[in-house]
Amino acid sequence: MRFSQYLIPTFRETPSDAEIPSQQFALKGGYIKKIAVGIYDLLPLGLRVIRKVEQIIREEMNKAGALEVMMPSMIPAELWQKSGRWYRYGKELLRIKDRGDRDYCYGPTHEEVIVDLVTNNIKSYKQLPLNLYQIQNKFRDEIRPRFGLMRAREFTMKDAYSFHATSECLDATYQRMFQTYTQIFKRCGLKFRVVSADSGAIGGNASQEFMITADSGEDAILYCDSCHYAANIEKATTRLTSSIHTGDPLPLKEVPTPGQRTIEEVSTFLNVPFTQIIKTLVYNFIPNSDLEGEIFSLAVVCLRGDYELSEVKLGHVLDARVLALASDRDIMDHLNAPVGFLGPIDLPADIKLLVDDSVASIINGVTGASKADVHYVGVCAGRDFPNDIVVDVKTVRAGDACPECSGGKLIQERGIEVGHIFKLGTKYSESMQAQFLDEQGKTQPFIMGCYGIGVGRTAMSAIEQSHDDRGPIWPIQLAPFEVIIITAKAEDTEQKAMAEDLYTKLMSIKIDVLFDDRNERIGVKFNDADLVGAPLRIVIGNKLSEGSIEFNFRTGEKRDVKASIAYDEIVSIIEALRHQID
RNA sequence: CGGGAUGUAGCGCAGUCCGGUAGCGCACUUGUCUGGGGGGCAAGUGGCCGUGGGUUCAAAUCCCGCCAUCCCGACCA
């Protein structure tokens with residue numbers, strides 16, 4: 001492409017609302033343009049990057065035997081009503097009416113549609129397994145879109161769905177997808193980590209996330225420093241060190257603790273460690289089984305003073321559709337106790353008490369006495385309060401013991417979730433009565449898997465992981481252009497002729513080359529070139545009179561090359577870069 | 001949805017407290033001198049000051065409503 005005929009609207013100043021590097025450079029470099037909250041135009045440069053990611057995904061998915069399809073983005077409500085998600089999905093689902101007042105939604109994901117597609121076409125186990133995918137735009141009316149394409153409302157996603165007669169067969173495809181994803185992100189030149197994950201609103205059993213490691217990542221992940229354990233913070237667990245809760249049980253005793261509400265205050269006041277204090281939280285929730293109701297139930301949760309509660313974990317334990325901390329007033333109404341002095345002892349009989357495993361065996365602990373300015377000491381789980389519903393609802397943190405090996409410690413890192421693979425099982429096939437005939441001629445629900453990749457997010461992650469203060473440093477696989485040619489003096493006929501010659505030749509052998517033929521100062525061209533982020537920049541300048549031109553790599557390295565061999569050099573450099581990762 | 005802030009030219013902002021001709025930098029247009037990291041000089045183009053109402057002789061500025069955007073918390077590729 002010739003820069004003068006291309007559209008790359010770069011800005012000298014960074015848009016003020018851009019927060020993270022990928023968003024700043026994508027806007028500043030003319031890759032994307034925001035048109036509404038979480039909704040963007042992809043400009044030519046941005047689209048080139050997206051297409052490259054898509055191409056890699058297509059090649060690898062096809063190689064793994066998946067078949068590409070394209071489902072509609074508008075989905076009739078009946079399908080979502082059939083699976084029940086029409087009622088459960090909440091405001092994130094964009095619902096639309098057509099002229100006939102019929103309900104539709106803009107697809108945020110496509111399990112319902114694919115199940116419908118497959119049930120209409122697959123009747124026998126002989127036609128299985130089947131793995132279908134599409135690369136298509138989704139819309140999720142996110143609570144808080146941010147970070148540009150990283151968390152947009154409309155976004156491009158590759159989603160694949162596999163159908164099986166047996167769980168062994170699902171396992172095999174799941175493994176195959178694991179390898180395919182590994183290969184895809186490797187080819188994109190990205191550093192990533194795979195963690196086991198919470199399966200969220202999609203549901204199902206096992207799932208793993210592919211996380212691009214980056215400081216700006218919105219997810220926290222934990223991994224073991226000595227074994228293979230790695231998990232999203234929403235899922236991560238730890239092995240409790242049992243030695244904490246030892247000693248002979250003392251009698252339960254009330255002590256005055258005027259004004260001591262927080263764990264920290266109580267710890268200081270009574271001189272006991274956080275680990276001996278039982279934290280008591282009260283939550284309101286609406287269970288999933290209650291599809292349309294507005295009636296809240298109450299749950300009391302206890303965990304060890306040094307831990308924070310994980311609302312995601314608690315949501316799962318309660319199978320809650322809606323979950324929120326109860327108000328002080330609610331607590332007073334139901335427990336007759338002030339916040340700050342809550343405890344699990346002598347709760348009203350109708351209140352459900354969940355005990356985190358960190359307090360399930362506590363001996364001689366401290367907890368609120370359910371009245372103002374009083375705590376109990378000598379609290380023993382089981383003896384003083386029931387510990388028959390033991391759960392794991394704590395947020396694990398760096399330094400905690402690995403749950404899978406002895407001696408391992410967990411390390412915490414930030415990550416960007418770019419891929420997620422699930423074993424769905426029969427969740428959707430059962431709710432939607434999607435069945436096939438097995439070898440015995442009996443009807444069985446399909447066993448399903450599902451596999452997603454955020455395309456725009458993957459592209460943006462590459463910037464997060466590799467940039468300097470001037471712009472992206474693209475891996476060649478994703479770079480919008482592989483080579484950019486700049487003349488120092490646009491009107492110099494010799495420089496121009498040299499540039500034209502290289503440009504034409506490189507174009508003819510399908511190297512992605514951008515020729516900056518504008519009559520601009522060289523500083524302007526350099527700055528724009530940095531924003532384009534091509535791995536190799538060819539500068540044809542005053543050294544041409546001595547027969548040489550400059551090769552500048554986006555990573556910083558520079559060298560002079562004889563003009564006579566420049567073309568061959570460029571070709572071999574690009575070839576080498578292309579094959580470095582493949 | 002809760003808490004905080006902001007809406008003035010394509011972008012970044014000043015002006016608002018204290019009402020009186022709408023400004024600056026960048027970008028854009030023309031000319032010219034330049035020519036190795038966003039250059040200089042000169043001349044230009046471009047604004048229902050978010051929106052609706054109110055106060056006033058007079059509103060970007062004061063008052064009330066609405067809308068939008070951004071940041072911090074609960075969702076997800």
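First the proteins, then the strands, lettered A, B, ... as listed; each starts at 1.
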Practice prompt. Indicate, with a heavy-atom threshold strictly under 4.0 Å, whether A:E19 touches base, sugar-phosphate, or nothing.
Written response: sugar-phosphate
Response to the item:
Per nearest nucleotide of RNA chain B, the residue lying toward the 5' end, A:E92 or A:P15, is A:P15
Discussion item. Go nucleotide by nucleotide along RNA chain B from the 5' end; which of A:P145 and A:D219 gets its closest nucleotide reached first?
Written reply: A:P145
Practice prompt. Give the ring-plane orientation class for A:Y6 versus A:F481, where under 30° counts as parallel, over 60° as perpendicular and anything between as tilted.
Written response: perpendicular
Item to complete: Quick one: look up who B:G7 pairs with, Watson-Crick or G-U, both distances under 3.5 Å, and put none if it's unpaired.
Response: B:C67
Worksheet item: Taking the six-membered ring of A:Y133 as reference, does the NZ or CZ atom of A:R58 fall below 6.0 Å from its centre and within a 45° cone about the axis?
Response: no
Among [options], the one nearest [X] by side-chain distance:
X: A:M157; options: B:U69, B:A77, B:G36; value: B:A77
X: A:R144; options: B:U69, B:A74, B:A77; value: B:A74
X: A:E311; options: B:A77, B:G25, B:A74; value: B:A74
X: A:E417; options: B:A77, B:C75, B:C13; value: B:A77
X: A:R521; options: B:G12, B:U34, B:G36; value: B:U34
X: A:F422; options: B:G12, B:G37, B:A77; value: B:A77
X: A:E142; options: B:C75, B:C11, B:C70; value: B:C75

Worksheet entry | Sub-6.0 Å ring centroid separation between A:Y451 and A:Y181 | no
Measuring to OP1 and OP2 of [N], would you say a side-chain N or O of [X] lies under 4.0 angstrom away?
X: A:K28; N: B:C26; result: no
X: A:S16; N: B:C13; result: yes
X: A:R146; N: B:C72; result: yes

Take atom [atom1] in [N] and the same atom in [M], then report the distance between them in whole Å.
N: B:U6; M: B:U30; atom1: C1'; value: 37 Å
N: B:C75; M: B:A59; atom1: P; value: 49 Å
N: B:C11; M: B:U16; atom1: C1'; value: 22 Å
N: B:A60; M: B:U55; atom1: P; value: 16 Å
N: B:A22; M: B:U45; atom1: P; value: 16 Å

Practice prompt. Check for a donor-acceptor pair, side chain of A:S466 on one end and backbone N or O of A:A462 on the other, with a separation under 3.5 Å.
Written response: no
Discussion item. Go through it in stages, so that I can follow the logic: the residues are A:S216 and A:E464, the test is side chain to side chain donor-acceptor pair (under 3.5 Å), and I'd like the CA-CA distance, side-chain angles, deciding distance and then a yes or no.
Written reply: CA-CA 7 Å; A:S216 59; A:E464 287 302 318; 2.6 Å; yes
